[in-house]
Every structure is written in structure tokens, then in C-alpha cells.
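What follows is a short report on a single structure.
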Amino acid sequence: MIDTRELKTRYDEIKKNIENRFMNVDLDKIVADQEKRAALMQETEALRAKRNENAQKMKGKLDPDTRKALIEEGKAIKDELSKVEAEYNEIDKLFAEEARTIPNYTHPDAPIGKEDKDSLAVKFYGEPTKFPFKAKDHVQIGEDLDILDFDNGAKVAGQKFYYIKNKGVILQMALERYAMDIVLKHGFTPFITPDIAKEEILNGIGFNPRGAESNIYTIEGTGTCLVGTAEITLGGYYSGEIIPKDKLPIKMTGLSHCFRREAGGAGQYSKGLYRVHQFSKLEMFIYCLPEESDKFHQEILSIEEEIFQGLELPYRIVDTATGDLGAPAYRKFDIEAWMPGRGDEGEYGEVTSTSNCTDYQARSLNIRYRDDDGKPKFVHMLNGTAVALSRAIVAILENYQNEDGSVTIPPALVPYCGFDRISK
RNA sequence: GGAGAGAUGUCCGAGUGGUCGAAGGAGCCGGACUCGAAAUCCGGUGUAGUGCUAUGCAUUACCGAGGGUUCGAAUCCCUCUCUCUCCGCCA
């Protein structure tokens with residue numbers, strides 16, 4: 001969440017930001033509730049001070065009458081306090097919920113716009129792959145080669161689940177290791193994280209585990225959820241902690257399964273592996289000093305480029321429009337790889353995403369560092385995809401397909417695969 | 001899964017319902033001593049709020065988390081989380 005003390009001092013900026021993000025947040029009501037809360041807080045604290053004073057008076061030996069009078073006074077204070085406290089708790093809870101709906105501030109250079117198409121393509125790498133034959137999509141390629149099986153995935157687990165088989169398995173493992181090696185070269189500490197996290201962590205990262213539009217699977221009666229990304233488990237790792245300044249930046253990379261409900265996510269553009277309920281992903285995560293987060297955001301993006309350039313896949317980088325930013329993100333860059341089987345003649349499809357969430361998540365999760373003046377301050381937190389295995393496989397199968405139905409393995413992956421082609 | 005023990009500040013650790021934001025130690029910061037250092041001695045040293053006559057003063061909350069009992073809770077009761085020990089089961 002943002003710093004609610006800034007609701008008044010940066011009111012116009014916050015209001016404008018909500019408009020730019022096309023969000024439905026009633027800022028004036030939140031400010032009014034904040035004032036109500038402050039008034040009730042003062043009242044509560046004054047009563048508590050009276051209660052404490054009354055209790056102090058009763059420490060020593062007292063004659064029975066004085067003692068009785070003090071107890072009566074204490075009881076009266078207690079009754080009044082419990083009423084005021086109840087009112088305060090109600091408004092406090094409401095205000096906290098409302099404050100959480102306010103999005104993060106936005107980087108001044110982020111393109112302003114409502115939708116996906118308002119996002120700005122800031123870089124193109126390589127030429128979209130062309131074939132002298134009619135290109136197939138990855139579903140057809142994968143099923144023909146018997147490396148992907150959607151039918152049995154649906155039978156056993158349901159719609160949008162799949163099996164990976166045969167050399168497809170080796171391809172996925174090769175990709176994992178290939179990406180891991182590149183990320184490690186840049187000084188990240190590797191993790192395999194839990195695939196489950198507590199709701200409070202989800203909330204702190206900015207995911208809403210509840211509600212009809214939630215993309216999160218919750219596990220009935222446990223207070224926990226299946227993670228949609230290792231961003232959650234890596235970001236929760238230091239929750240509640242004060243990190244010594246000299247430990248920063250902390251760079252982590254985590255492999256996890258990712259589970260997403262994707263309610264209403266069917267259709268042409270999300271077929272096959274592109275949008276599924278479960279996939280594996282290697283995620284990068286950085287905790288750093290506030291003044292360094294823009295720099296590290298660029299570093300994550302450049303590592304993502306290194307991974308996709310190494311695979312020799314054409315892609316573009318998109319600077320995400322304000323209306324498409326998640327609430328925690330201050331700025332977000334996506335890499336969209338060329339996917340020849342997407343749409344009629346191929347299209348770019350998202351394969352990575354990196355966000356600078358500044359101190360928005362750190363404030364909710366209470367993650368701080370001790371500054372030179374001895375005061376704890378909130379760290380900045382950034383995340384980025386190293387490789388989302390399912391989507392990377394879409395891009396590889398479609399770009400490296402051959403007319404005979406076989407798929408050439410990208411040269412960078414051959415040492416990891418132990419073969420250079422998948423054919424029938 | 002069963003039985004038991006525990007969770008206190010940066011760390012270790014004491015704590016009989018009121019004199020406890022919390023003994024004692026370590027660490028850290030400042031000072032004295034020293035040519036300098038070590039040792040020693042003296043002083044200081046949590047976090048998050050709120051109010052105001054604002055580099056300060058006052059006040060509230062925080063002893064794993066959340067409830068409860070009480071005039072008053074680190075201390076008593078309940079629930080939960082986590083850690084440790086033993087048993088069972090198991091890749």
C-alpha cells in the first residue's frame with residue numbers, strides 16, 4: 001500500500017494517478033474515513049490514558065473506601081472505552097481495506113492509456129519468423145510430436161491442464177537450467193520455493209485471494225493459497241524484517257509451480273499452453289535501496305533479453321500503459337516473443353514481465369532496511385520473469401518448427417537437451 | 001497423527017496480576033583513560049502511531065498472533081501459528 005500520511009499532502013497526484021489507471025477508487029470517502037479514524041483514535045487514547053492513570057493510583061496500600069471509589073471509576077472508564085474502541089476498530093478496519101485499494105504511484109515515463117494497445121513498444125529485436133509453408137500452432141506441433149497432451153490433461157485434471165511428454169519434458173528441464181545459469185551469472189541466489197503461501201503474504205504482495213475475479217486458488221480451511229508466481233514466496237521471504245543496509249541489494253531467483261484460476265480466460269488467444277492453470281516459472285526478485293530501483297529494473301529487463309536473445313527468438317519490449325498496470329507496480333516492462341502460430345499470421349505474445357513495485361509491497365509486508373541515520377526505511381522490491389516455461393515452449397515450438405513437422409532445438413539449448421531436434 | 005516443552009528488545013536471558021517498555025549480560029554509539037589500541041570506568045542505545053506551545057514535551061500501542069477475564073495482564077484463561085524433544089507413519 002501507499003503511505004496513507006500522503007493522502008492529504010499528495011492528494012491531487014494520487015487522484016490523477018487513479019484516473020490515469022482507470023480505477024474505481026473513491027478517494028474522497030477514504031480521506032473522510034481517515035479523518036473519522038483519527039478523531040476516534042484520539043478519543044480512544046485519551047480514555048486509555050485515563051484508565052492507566054486510574055490503575056496507577058491503585059498500586060500502593062489504600063484504605064478500603066478510596067479503593068472502592070477508584071474501582072468504580074475504573075469500571076466506568078472501562079465501559080466508555082469499550083464503546084469507543086468498538087467504533088474505532090470498525091472504522092480502522094474499513095479504512096485499512098480502503099487504503100489498500102489505492103494503487104502505487106506511477107513512473108512519470110509510463111505511457112498513459114486504458115488498454116493493452118496503449119502500451120508502448122519501446123524496442124524490437126529480430127524479425128518475425130517467416131516460413132515458406134503454412135505455420136502450425138504449438139498445440140498441433142506438440143500433439144503431432146507426442147510431447148504435449150491436452151486431452152488427457154483435461155480428462156484427469158480438467159480444462160487447461162496438460163501433460164508434457166517425451167522430449168518435451170527434457171526441453172522444459174533444459175530451459176529451466178539454461179535460464180538458471182544465466183541468472184546465476186548475474187549474482188542471484190537460487191531458490192526452490194513453496195508452492196503454497198499464507199493469505200496475508202498474498203495480500204501483502206498485492207494479490208487478492210478472494211472474490212469472483214480472483215486468479216488465486218485458495219485451499220479450503222487452511223488460510224493458505226496456491227501461489228500464482230514465486231514473486232509471492234520470494235517477496236514474503238523477508239516479511240517483517242529489518243535488513244542491514246550492507247546486505248542490499250538482495251537478488252533472489254526462485255523456481256516454483258504457478259497456479260492460476262484464469263476464470264473466463266478461454267478463447268483463441270489463450271489456447272493450448274498459452275494460458276493454463278498450472279505451469280512452472282523461474283522468477284527473479286530484488287530487494288534494494290529506493291534510489292537504486294530504476295537501475296535494477298533495467299538490469300532485470302536486460303537479463304530477460306539475454307535469455308531470449310540466447311534462444312534466438314524475435315521479440316519486442318512493451319512499456320505497459322497505466323491502465324494495464326497492477327496496483328503494486330510503479331512501472332512494468334513485458335517482453336513479447338513472436339509466436340508464428342498465434343492469430344492468423346503470427347503475433348507477439350507475452351513471455352516475461354518485470355515490475356518495479358517501489359515500496360508498495362514493502363510497506364504492506366513491513367520489510368525495511370536500517371539507513372545510515374539509524375532509522376528503518378522501506379526497501380524497494382522488484383520482480384521479473386526469467387522464464388515462464390509454458391510460454392517459452394510455445395515460442396520455441398512455433399518459431400523452430402520445420403515443414404516436416406519436426407522442431408529444431410535452439411542451439412543454446414542443445415547442450416542442455418542432449419539432442420538437436422524433436423521429430424516423430 | 002499422538003504426547004510434552006517452549007516463543008520476552010539487535011542477540012542471550014530474568015520476570016510473584018499493580019513499583020515492568022520490561023532485571024542482568026553481550027553487542028552497538030558517545031565520553032574518560034592511552035602515543036594508539038586492548039582492558040577498565042561513566043553515560044546512552046527498540047518499533048510504530050497520535051497531539052502540541054515541536055531538533056522538544058506529552059501520550060497510546062507493541063513481551064509469537066488473535067480473543068477473553070480484571071479497576072489494572074509479559075504474568076491468569078481460550079484459540080491459532082511457529083520451534084524443539086519423544087512416539088507413530090512415510091518419499
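Since the structure is predicted, the reported quantities are computational estimates derived from the model, not experimental observations. Convention: sequence-line order gives letters A, B, ...; per-chain numbering from 1.
Across all strands, M41(A) comes closer than 4.0 Å only to sugar-phosphate atoms, never to a base (heavy-atom distances). The residue K57(A) sits apart from the nucleic acid: no heavy atom pair falls under 4.0 Å.
rG21(B) and rU75(B) have their C1' atoms separated by 15 Å, given to the nearest Å. Across the P atoms, rG15(B) and rG68(B) are found 29 Å apart, a figure rounded to whole Å. Across rA39(B) and rC28(B), the matching P atoms stand 9 Å from one another, rounded to whole Å. The gap from the P atom of rC82(B) to that of rG46(B) amounts to 32 Å, rounded to the nearest Å. Spacing between rA74(B) and rG17(B) at atom C1', rounded to whole Å, works out to 11 Å. Of the P atoms belonging to rG4(B) and rA14(B), the separation is 23 Å, rounded to the nearest Å. Taking the C1' atom of each, rG9(B) and rA22(B) are spaced 9 Å apart, rounded to whole Å. Remark: the separation of the C1' atoms in rA26(B) and rC76(B) is 33 Å, to the nearest Å.
One can place CD of Q56(A) at 8 Å from C1' of rU19(B), the figure rounded to the nearest angstrom. Atom P of nucleotide rU60(B) and atom CG of N54(A) are separated by 13 Å, given to the nearest angstrom. Rounded to a whole Å, the CZ atom of R48(A) is 15 Å from the C1' atom of rG51(B). The CZ atom of R67(A) sits 8 Å away from the C1' atom of rC71(B) (whole-angstrom rounding). The distance from atom CD of Q42(A) to atom P of rA58(B) is 18 Å, rounded to the nearest whole Å. The CD-P distance, from E241(A) to rU47(B), rounds to 17 Å in whole Å. One interatomic measurement links the two molecules: CD of E199(A) to C1' of rA65(B), which rounds to 16 Å at whole-angstrom precision. One can place CZ of R37(A) at 11 Å from P of rG51(B), the figure rounded to the nearest angstrom.
Remark: K136(A) engages D144(A) in a salt bridge (charged side-chain N to carboxylate O under 4.0 Å, His left out) (not counting sequence neighbours). In this view, T189(A) satisfies the side-chain hydrogen bond (donor to acceptor under 3.5 Å, both in side chains) rule with no residue, not counting sequence neighbours. Residues satisfying the ring-ring contact (aromatic ring centres under 6.0 Å, His included) test with Y237(A), not counting sequence neighbours, are F191(A).
Within residues 70-93 of chain A, the residues that place at least one heavy atom under 4.0 Å from RNA chain B are, in residue-number order, I71(A), G74(A), K75(A), K78(A).
Between L148(A) and L397(A) there is a side-chain heavy-atom pair separated by less than 4.5 Å. The shortest distance between side-chain heavy atoms of T4(A) and F95(A) falls below 4.5 Å. Side-chain contact between L94(A) and K29(A) is present, with heavy atoms from C-beta onward closer than 4.5 Å. Side-chain atoms of F285(A) and K251(A), non-hydrogen and from C-beta on, never get closer than 4.5 Å to each other.
Legend: ring pair (Phe, Tyr, Trp, His ring centres under 6.0 Å) pairs involving residues 33-54 of chain A, not counting sequence neighbours: none detected. Residue pairs satisfying the salt bridge (charged side-chain N to carboxylate O under 4.0 Å, His left out) criterion with at least one member in residues 165-175 of chain A, sequence neighbours excluded, are listed as follows: D146(A)-K165(A). Listed by first then second residue, pairs satisfying salt bridge (charged side-chain N to carboxylate O under 4.0 Å, His left out) with a partner in residues 192-205 of chain A read E199(A)-R210(A), not counting sequence neighbours. Residue pairs meeting the side chain to side chain donor-acceptor pair (under 3.5 Å) criterion with at least one partner in residues 68-85 of chain A, sequence neighbours excluded, are R48(A)-E85(A). Applying the salt bridge (charged side-chain N to carboxylate O under 4.0 Å, His left out) definition to pairs two or more places apart or across chains, those involving residues 169-182 of chain A are R177(A)-D181(A).
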Write down the protein N/O and nucleotide N/O pairs, taken from nucleotides 8-13 of chain B, whose separation is under 3.5 Å; answer none if there are no such pairs.
none

Identify all pairs in which a protein N or O lies below 3.5 Å from an N or O of nucleotides 73-80 of chain B, and state each distance.
none

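With the nearest nucleotide of RNA chain B identified for both N52(A) and R5(A), R5(A) has the one nearer the 5' end. In this structure, R368(A) and E53(A) both approach RNA chain B, and ranking their closest nucleotides by distance from the 5' end singles out R368(A).
In this structure, Y162(A) and Q278(A) approach most closely via the heavy-atom pair OH-O, 2.7 Å.
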>> Only Watson-Crick and G-U wobble pairs with both distances less than 3.5 Å should count. Give RNA chain B in dot-bracket notation, marking inter-strand partners with |.
In response: ((((((((.[[[..)..(.....]]]((((((.......))))))(((((((...))))))).[[[[[..)....]]]]])))))))....
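Y105(A) carries R10(A) over the face of its six-membered ring, with the cationic atom under 6.0 Å from the centre and within 45° of the normal. R37(A) forms no cation-pi arrangement with Y88(A), by the criterion of a distance under 6.0 Å to the ring centre and an angle within 45° of the ring axis.
When distances are taken from the side chain of A55(A) to each of rU59(B), rG72(B), rU47(B), the shortest belongs to rG72(B).
Between the side chain of E45(A) and the base of rG51(B), no donor-acceptor pair under 3.5 Å is found.
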>> Before you tell me yes or no, could you show the steps for E231(A) and M284(A) under side-chain contact (heavy atoms from CB on, under 4.5 Å), namely the whole-Å CA-CA distance, both residues' side-chain angles and the distance that decides it to 0.1 Å?
In response: CA-CA 8 Å; E231(A) 175 193 351; M284(A) 294 178 272; over 6 Å; no
